[in-house]
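First comes the structure, then the notes that go with it.
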Amino acid sequence: MDRDGSGVRSYRTSQWVWRACWLVAGLLAVGFLAVFFAAPAIHLIVKGFIDEEGHPTLAVMAQTFQSSRTWRIIRFTLGQASLGTLLCLVLGLFGAHLLYRVSWPGRTLVRALVSVPFVLPTVVVGVAFRTLLASNGRLGFLGLDGSWQAITAALVFFNYSVVVRTVGSTWAQLDPRRADAARALGAGPLRVWRTVTLPALAPAIASAASVVFLFCASAFGIVQVLGGTQYSTLETEIYTQTVEFLDLPTASSLAVVQLAVTGLCLFLSGRAQRRLQRSLGSASPGPLRFRGRRDGLPVVVTALVVVVLLLAPVLTLVERSFQRDGVWSMANYRALMSPGDGSGMVISVWQTLINSLTTAVWATLLAVGLGAVVALLLSRRPTGRWGRAGLSIGDAAFMLPLGVSAVTVGFGFLITLDRPPLDLRTSPVLVPIAQAMVAIPLVTRVLLPPLRGIDPRQQEAAAALGAPPWRVLGTIDLPVLARGLGLAIGFAFSTSLGEFGATSFLSRPDRMTLPVAIGRLISRPGAENYGMAMAASVLLAGMTVVVMGIAERLRPPEVTSW
């Protein structure tokens with residue numbers, strides 16, 4: 001009797017200890033989110049409603065929105081984001097069909113090529129398009145250097161693969177027999193597309209559109225490099241008001257608008273993702289056979305996109321990085337070993353590369369560690385109503401940093417973490433923390449699908465056989481979690497390596513990272529500075545592509561979209 005009672009007490013004690021461990025892990029993750037995201041964001045919002053003497057007021061907000069410049073910036077932000085999203089959808093649907101729905105030789109290689117622009121740092125994308133469209137560039141005759149068309153083209157370049165991957169992975173799982181039945185009943189190709197295919201793809205299209213709009217509206221490096229002083233978005237204007245004019249209340253007012261836009265995009269994306277998950281089955285019918293007559297238009301459109309929009313900027317950037325004054329040489333790369341005349345830098349570009357790698361390593365360790373904890377927490381299956389509601393709220397909360405721009409994160413850090421016990425303004429840990437905050441949602445999105453795909457009966461069977469909770473976690477959950485670690489590390493490292501928005505606020509001149517150095521060089525006059533910027537961009541792009549190329553080979557099959 002004592003032995004039985006002792007066993008029951010031991011079991012109950014282990015359950016309480018296990019629940020306490022989950023509680024501590026949850027508090028750790030929530031605490032990090034609260035300190036390094038919620039507090040800076042709330043402080044940022046409050047700044048827009050306080051005057052210079054610290055009194056609550058709506059005067060600053062009203063003054064900001066009475067300015068014609070503010071409304072011009074808002075119109076341009078929403079307009080270029082809408083146009084960029086529309087072009088990505090129109091072009092991306094052809095690519096999704098050709099690269100995921102149809103089977104043909106070389107498809108895997110072109111898929112990988114199309115995915116490269118998304119992992120490039122935004123500042124590199126800006127430099128690549130500026131090089132292509134400059135007066136002495138390959139497409140300089142178009143006269144688009146510094147135009148809004150150049151900004152839109154760069155946004156499409158960066159986000160095209162989001163639509164291709166998101167819509168394509170869904171298209172690949174559609175049962176072709178529904179379309180075949182519609183054709184057998186006499187429906188033409190357009191009617192089959194409108195009544196059968198399009199409704200099935202609608203959740204994926206909506207999800208891709210909301211994500212692309214979010215990325216376009218919050219683009220910083222692209223607009224900063226290509227727009228200059230002529231074109232500004234909410235993202236770049238927040239930076240300008242903070243760094244150049246030291247007008248924190250105005251910057252805060254603009255950040256409130258940006259938070260509203262990104263919050264709406266995340267809400268729509270979340271709804272579309274839930275609809276998408278409900279609409280997909282578990283079996284994939286496999287790709288269809290390529291037919292020239294049916295697939296001719298997708299081939300032409302996708303070929304033009306790949307050659308003109310994707311390859312031309314990158315190849316031009318690489319070509320020009322090996323030229324100085326029209327002569328082929330390694331001068332631009334040799335110049336990276338010194339700060340350069342007139343660059344305004346106190347360290348060499350090579351040292352900024354070392355700083356970027358070191359910072360990215362620490363940011364990756366932090367992002368993957370916390371992202372794994374968050375993914376394990378969000379993969380739980382509570383039976384109670386309050387537990388399920390808390391899980392939904394937690395899922396949305398930990399995705400918020402994905403929608404809030406990096407500039408807003410960096411600005412929030414700047415005005416919040418400025419007093420004890422968290423006076424981190426001069427601390428070297430501030431940049432890795434900011435970069436980790438940006439990367440954690442991506443890590444979570446990679447690790448969560450495999451964990452949610454675990455059959456709960458496996459865990460129940462292990463528990464029924466007497467395995468304690470920690471052993472169930474170690475033998476079932478953690479091996480599945482490990483399948484996505486390679487891709488998670490790749491996303492975290494490449495995101496941290498190329499992060500420009502938050503780091504431009506927080507990095508010090510003696511600890512400058514490579515993307516910030518590229519932005520500094522491209523803004524300075526002189527052929528030497530521009531050549532160094534191109535060479536540095538090629539190095540940064542090359543490292544990012546290598547990292548993501550390795551990570552993509554480790555992608556678990558459950559993760560099929562960005």
Side-chain angles (χ1 to χ4, degrees), residues 37 41 44 73-92 117-122 125-126 151-152 154-167 202-224 227 232-239 254-276 395-412 437-446 491 494-495 498-502 561-562:
F37 177 74
L44 184 64
I73 290 171
I74 292 175
R75 285 195 298 271
F76 181 76
T77 301
L78 300 180
Q80 58 88 22
S82 300
L83 180 59
T85 302
L86 179 62
L87 290 174
C88 282
L89 288 177
V90 172
L91 299 175
F118 182 76
V119 301
L120 291 179
T122 56
V125 175
I151 296 175
T152 303
L155 293 175
V156 175
F157 169 93
F158 186 76
N159 294 294
Y160 171 76
S161 62
V162 176
V163 176
V164 173
R165 293 295 295 263
T166 303
V167 178
I205 294 174
S207 177
S210 56
V211 171
V212 170
F213 186 91
L214 177 61
F215 288 157
C216 289
S218 61
F220 177 67
I222 290 174
V223 181
Q224 188 81 348
S232 296
T233 61
L234 288 169
E235 185 90 346
T236 59
E237 186 67 10
I238 292 171
Y239 178 85
L254 296 174
V256 171
V257 179
Q258 191 180 50
L259 286 170
V261 172
T262 54
L264 178 61
C265 289
L266 280 180
F267 172 75
L268 295 176
S269 176
R271 289 193 60 181
Q273 283 286 347
R274 288 190 291 271
R275 288 176 55 201
L276 181 60
D395 195 355
F398 284 107
M399 289 303 106
L400 277 177
L402 181 63
V404 176
S405 73
V407 166
T408 301
V409 172
F411 180 30
M437 195 74 257
V438 175
I440 284 175
L442 295 175
V443 173
T444 304
R445 286 296 97 183
V446 170
F491 263 119
S494 61
T495 299
E499 206 288 313
F500 181 52
S561 60
W562 298 110

Please give me the minimum heavy-atom distance between Phe118 and Ser161, naming the atom from each residue.
CB-OG, 3.1 Å

Closest heavy-atom contact between Ala219 and Leu155?
CB-CD2, 3.6 Å

For Phe76, all residues meeting ring-ring contact (aromatic ring centres under 6.0 Å, His included), sequence neighbours excluded
Tyr231

Applying side-chain contact (heavy atoms from CB on, under 4.5 Å) to Gln224 and not counting sequence neighbours gives Phe220, Thr236, Tyr239

CD of Glu237 to CD1 of Ile73: how many Å apart, nearest 0.5 Å?
3.5 Å

Going by side-chain contact (heavy atoms from CB on, under 4.5 Å), name the residues that satisfy it together with Leu78, two or more places apart in sequence or in a different chain.
Ile74, Phe213, Val261

So CG of Asn159 and CG of Leu91: to nearest 0.5 Å the spacing works out to 12.0 Å

List in chain and number order the residues that pass side-chain contact (heavy atoms from CB on, under 4.5 Å) with Leu83, two or more places apart in sequence or in another chain; answer none if no residue qualifies.
Leu87, Trp148, Thr152

Beyond-backbone contact of Glu235 with Val223, side-chain heavy atoms, under 4.5 angstrom
no

For Leu214 against Cys265, the heavy-atom pair lying closest together:
CB-CB, 4.0 Å

Minimum heavy-atom separation for Cys216 to Ala81, with atom names?
CB-CA, 3.7 Å

Pick out which of Phe500, Phe157, Phe215, Phe158 makes a side chain to side chain contact (heavy atoms under 4.5 Å, CB included) with Ile222.
Phe158

Atom OG1 of Thr495 and atom CG of Leu442: how far apart are they, to the nearest 0.5 Å?
5.0 Å

For Thr166, the option from Val163, Val162, Val164 that meets side chain to side chain contact (heavy atoms under 4.5 Å, CB included):
Val162

Please list, chain by chain and in numerical order, all residues satisfying side-chain contact (heavy atoms from CB on, under 4.5 Å) with Ser210, sequence neighbours excluded.
Leu268, Ser269

Locate the shortest heavy-atom distance separating Thr77 from Ser232; write the atom from each residue and the value.
OG1-O, 4.5 Å

